[in-house]
Amino acid sequence: MRDNNRDVTIHWTHLLVEALPLYKNKEKIAILLSTYNGEKYITEQLQSLLNQTLQVFTIYIRDDGSIDNTLRICQHFQQLNPSKIVITE
């Protein structure tokens, strides 16, 4: 990931726009997000995803042993959005 948050937001937006045909077929989108010491970016990434107008997705997060607050931030978002976010071991 680049050190430019705008690039990350554009990437997620582009991903969901490409998924529009799936939505029309009533299919659900799985977004797989692997994290490691990403507290600097994770809030903006998750907010960007959750703010999309196309809401037919679940975000699956797997943290790779972060030593910063990444996992705690993800858990907070999961508590607020239990139907949208799954944290796996």
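Position 1 is the first residue of the sequence; numbering continues from there.
Of all heavy-atom pairs between Asp64 and Ser34, the closest is OD2-OG, 3.0 Å. In terms of heavy-atom proximity, Leu33 sits nearest to Gln45 at CD1-OE1, 4.5 Å.
In this structure, Ile87 and Asp63 have side chains that are not in contact, with every pair of non-hydrogen atoms separated by 4.5 Å or more. Ile61 places none of its side-chain heavy atoms less than 4.5 Å from the side chain of Ile42. Two residues are said to be in side-chain contact when any heavy atoms from C-beta on lie closer than 4.5 Å; Ile73 and Glu39 meet this criterion. For the pair Ile59/Phe77, no side-chain contact is recorded, criterion being any heavy-atom separation below 4.5 Å from C-beta on.
A cation-pi arrangement is present between Lys84 and Phe57 under the rule of less than 6.0 angstrom and at most 45 degrees off the ring axis.
Here the OG1 atom belonging to Thr58 is positioned 11.0 Å from the CG atom belonging to Asn81, to the nearest 0.5 angstrom. Atom CD1 of Ile85 is separated from atom NE2 of His76 by 10.0 Å, given to the nearest 0.5 angstrom. To the nearest 0.5 Å, atom NZ of residue Lys40 and atom CG of residue Asp68 are 12.0 Å apart.
Put simply, the side chain of Ser66 never gets that close to the backbone of Leu71: no donor and acceptor are under 3.5 Å apart.
Both Leu54 and Leu46 belong to a common hydrophobic cluster when Ile, Leu, Val, Met, Phe, Trp and Tyr are linked at side-chain heavy-atom distances under 4.5 angstrom.
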